[in-house]
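Below you will find the structure I want to go over with you.
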Amino acid sequence: TWPWPSRLIGRVISTAWALHYIHRKLNLLHWRWPRFVLLRDSWRRFLTVGLPATGTMIVLPLSGALLTRILAGFGDPAVAAWGSGGRVDMFAFMILMAMGSVLLPFVSQNEGAGRHDRSRRGVNWALRFGLLYAALVGAAVVLAAPHLARIFSADPAVLRPLTSYLRIIGACYPAVAVAIMCYHGLMGLDRPLVAMWLTLVRNLGIYVPLAWLGSRWLGVPGVLWGVFAGAWFSALMAWLIYRHYEHRARPDAVSTSPA
């Protein structure tokens with residue numbers, strides 16, 4: 001009846017297998033305790049990326065909780081619709097998140113090898129694919145919104161806000177695709193703090209305030225339109241910030257002072 005033993009056993013087995021593979025097959029894990037200087041430098045390099053990534057992971061559920069709190073003022077059906085719509089979003093964004101996870105090491109590797117041209121082409125193609133994919137999936141969600149809503153509930157009180165959610169939020173899927181690719185591109189350019197602040201401003205500085213203002217004016221639809229406006233504004237902001245740092249990373253962008 002309790003799910004945690006099976007999860008614990010699964011985690012233990014998968015972790016043991018991963019450690020065995022890393023140690024025996026890849027020879028990347030050694031049990032010798034390193035010198036403190038090497039350990040300190042290694043931890044510093046890891047934490048340079050790890051701490052901003054941790055901050056990003058904290059911001060996302062925090063903004064989600066605040067948005068849920070705003071919708072809770074409109075009753076359980078609004079909260080149920082928000083949660084059900086989020087399940088559709090998770091399924092729709094799986095491909096985009098996977099591509100973003102691949103884009104990060106791709107950009108890092110090519111930037112480290114001095115192949116800025118290849119890194120830039122990879123990000124451009126990822127953005128094109130993301131926009132096309134998100135536009136197609138978003139259009140499908142918008143058109144099939146009433147049918148998708150009936151999968152989650154037959155209650156008319158839930159169907160109305162859920163259908164509105166799918167139609168409004170589905171129309172901003174391309175904006176989310178741009179934000180995802182630009183975030184991982186910034187991480188690949190070794191700008192984890194910029195990526196973290198971008199996520200922080202997008203979620204807590206744009207999404208939540210616009211959703212709150214929309215709720216004051218239009219109720220539940222206002223919350224959705226606030227998220228819609230915030231998504232497109234954030235996409236434009238992410239694109240401009242990424243292009244700024246991408247341009248600074250070009251070799252020809254380094255100006256030399258006259259003798």
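Numbering starts at 1 and runs along the sequence shown. Keep in mind that this is a model prediction, so the values were computed, not measured. Side-chain atoms are counted along with the backbone in the values below, which use heavy atoms only and exclude waters and symmetry mates.
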> Any luck finding a side-chain donor-acceptor pair between Asp89 and Tyr165 under 3.5 Å?
Replying inline: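 The criterion, which ignores hydrogens and geometry beyond distance, is satisfied for Tyr165 and Asp89.
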> Under a 4.5 Å cut-off applied to non-hydrogen side-chain atoms, are Arg167 and Pro146 in contact?
Replying inline: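 SC-SC contact between Arg167 and Pro146 confirmed.
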>> I want to know whether Tyr21 and Trp17 have ring centres closer than 6.0 Å.
In response: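 Yes, ring centres under 6.0 Å apart.
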> With a distance cut-off below 6.0 Å to the six-membered ring centre and an angular limit of 45° from the axis, does Arg128 pair with Trp125 as a cation-pi contact?
Replying inline: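 Yes, cation above the ring, under 6.0 Å and within 45°.
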> With distance as the sole test, does Ser108 use its side chain to make a donor-acceptor pair with the main-chain N or O of Gly188 at under 3.5 Å?
Replying inline: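 Pair found, side chain donor or acceptor close to backbone of Gly188.
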>> Which heavy atom of Ser153 sits nearest to which heavy atom of Val158, and what is that distance?
In response: OG-CB, 3.7 Å
> About how many Å separate CG of Leu71 and CH2 of Trp82, when rounded to the nearest 0.5 Å?
Replying inline: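 Spacing of CH2 (Trp82) from CG (Leu71) equals 6.0 Å.
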>> Can you confirm if the aromatic rings of Tyr183 and Tyr242 lie within a centre distance of less than 6.0 Å?
In response: no
>> Quick one, Val107 with Met187, criterion side-chain contact (heavy atoms from CB on, under 4.5 Å). Give me CA distance, side-chain angles, the key distance, then yes/no.
In response: CA-CA 9 Å; Val107 173; Met187 293 289 286; over 6 Å; no
> Is there a donor-acceptor contact under 3.5 Å from the side chain of Ser84 to the main chain of Ala81?
Replying inline: no
>> According to a hydrophobic-cluster definition based on side-chain heavy atoms being under 4.5 Å apart (Ile, Leu, Val, Met, Phe, Trp, Tyr only), do Leu60 and Val208 belong together?
In response: no
> Quick one: does Val227's side chain get under 4.5 Å of Leu210's, heavy atoms only?
Replying inline: no
> Is Leu62 reachable from Leu67 through a run of hydrophobic residues whose side-chain heavy atoms are each under 4.5 Å from the next?
Replying inline: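 Same hydrophobic cluster.
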> Any idea which heavy atoms bring Ala171 and Pro174 closest together, and the distance?
Replying inline: O-CD, 4.0 Å
>> Check whether Thr15 reaches the backbone of Val12 with its side chain - one donor and one acceptor, N or O, closer than 3.5 Å.
In response: no
>> For the CZ atom of Arg216 and the CD1 atom of Ile70, what is their distance to the nearest 0.5 Å?
In response: 8.0 Å
>> With side chain to side chain donor-acceptor pair (under 3.5 Å) as the test, pick out the partner of Asn110 among Arg115, Arg121, Arg118.
In response: Arg118
>> Applying side-chain contact (heavy atoms from CB on, under 4.5 Å) to Leu66 and Leu204, what does each step give before you reach the verdict?
In response: CA-CA 9 Å; Leu66 292 174; Leu204 298 182; 3.9 Å; yes
>> Working note: Tyr207 + Ser63, criterion side-chain contact (heavy atoms from CB on, under 4.5 Å); need CA distance, chi angles, decisive distance, verdict.
In response: CA-CA 8 Å; Tyr207 278 6; Ser63 62; 5.8 Å; no
> Under a 4.5 Å side-chain heavy-atom rule over Ile, Leu, Val, Met, Phe, Trp and Tyr, are Phe228 and Trp217 clustered together?
Replying inline: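 Shared cluster, no.
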> Roughly how far, to the nearest 0.5 Å, is the CG atom of Asp155 from the CG atom of Asp76?
Replying inline: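 Separation between the atoms: 10.5 Å.
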> How about Phe91 and Val88: do any of their side-chain heavy atoms sit closer than 4.5 Å?
Replying inline: no
> Can you tell me how far the CZ atom of Arg87 sits from the CZ atom of Phe152, to the nearest 0.5 Å?
Replying inline: 8.5 Å
>> When you compare the side chain of Arg248 with that of Arg191, does any pair of heavy atoms fall below 4.5 Å?
In response: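 In short, these two side chains touch, coming nearer than 4.5 Å.
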> Is the shortest heavy-atom distance from the side chain of Leu200 to the side chain of Met196 under 4.5 Å?
Replying inline: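 Sidechains of Met196 and Leu200: no contact.
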> Roughly how far apart are Asp190 CG and Glu111 CD, rounded to 0.5 Å?
Replying inline: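 Separation between the atoms: 10.0 Å.
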> With side chains defined as the heavy atoms from C-beta onward, is the minimum distance between Phe74 and Val79 less than 4.5 Å?
Replying inline: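 With C-beta onward as the side chain, the pair stays apart.
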> Shared ILVMFWY cluster between Val141 and Met97, side chains joined below 4.5 angstrom?
Replying inline: yes
> How about Met237 and Ile206: do any of their side-chain heavy atoms sit closer than 4.5 Å?
Replying inline: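 In short, these two side chains touch, coming nearer than 4.5 Å.
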>> Using side-chain contact (heavy atoms from CB on, under 4.5 Å), reason through Trp212 and Val223 one step at a time and then give a plain yes or no.
In response: CA-CA 6 Å; Trp212 181 81; Val223 175; over 6 Å; no
>> Please find the pair of heavy atoms, one from Leu224 and one from Ile168, that lie closest to each other, and give the distance.
In response: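 For Leu224 and Ile168, the tightest heavy-atom pair comes out as O-CG2, 3.6 Å.
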>> Minimum heavy-atom separation for Leu186 and Ala195, please, with both atom names.
In response: CB-CB, 4.1 Å
> Above 12 or not: heavy atoms from other molecules or residues under 6.0 Å from CH2 of Trp232?
Replying inline: yes
>> Check this for me: does any side-chain nitrogen of one of Asp117 and Arg120 sit under 4.0 Å from a carboxylate oxygen of the other?
In response: no
> From Leu166 CG over to Leu148 CG, what is the distance, rounded to the nearest 0.5 angstrom?
Replying inline: 6.0 Å
> For the hydrophobic clusters of this structure (ILVMFWY residues joined by side-chain heavy atoms under 4.5 Å, transitively), does one cluster hold both Leu198 and Leu240?
Replying inline: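 Shared cluster, yes.
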> If you look at every heavy atom in Tyr173 and Ile169, which pair is closest and at what distance?
Replying inline: CD1-O, 3.3 Å
> With distance as the sole test, does Tyr133 use its side chain to make a donor-acceptor pair with the main-chain N or O of Ala92 at under 3.5 Å?
Replying inline: yes
>> So which atom in Pro161 and which in Val220 form the shortest heavy-atom distance, rounded to 0.1 Å?
In response: CB-CG1, 4.2 Å
> Are any non-hydrogen side-chain atoms of Glu246 and Val123 less than 4.5 angstrom apart?
Replying inline: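 No. Closest side-chain heavy atoms not under 4.5 Å.
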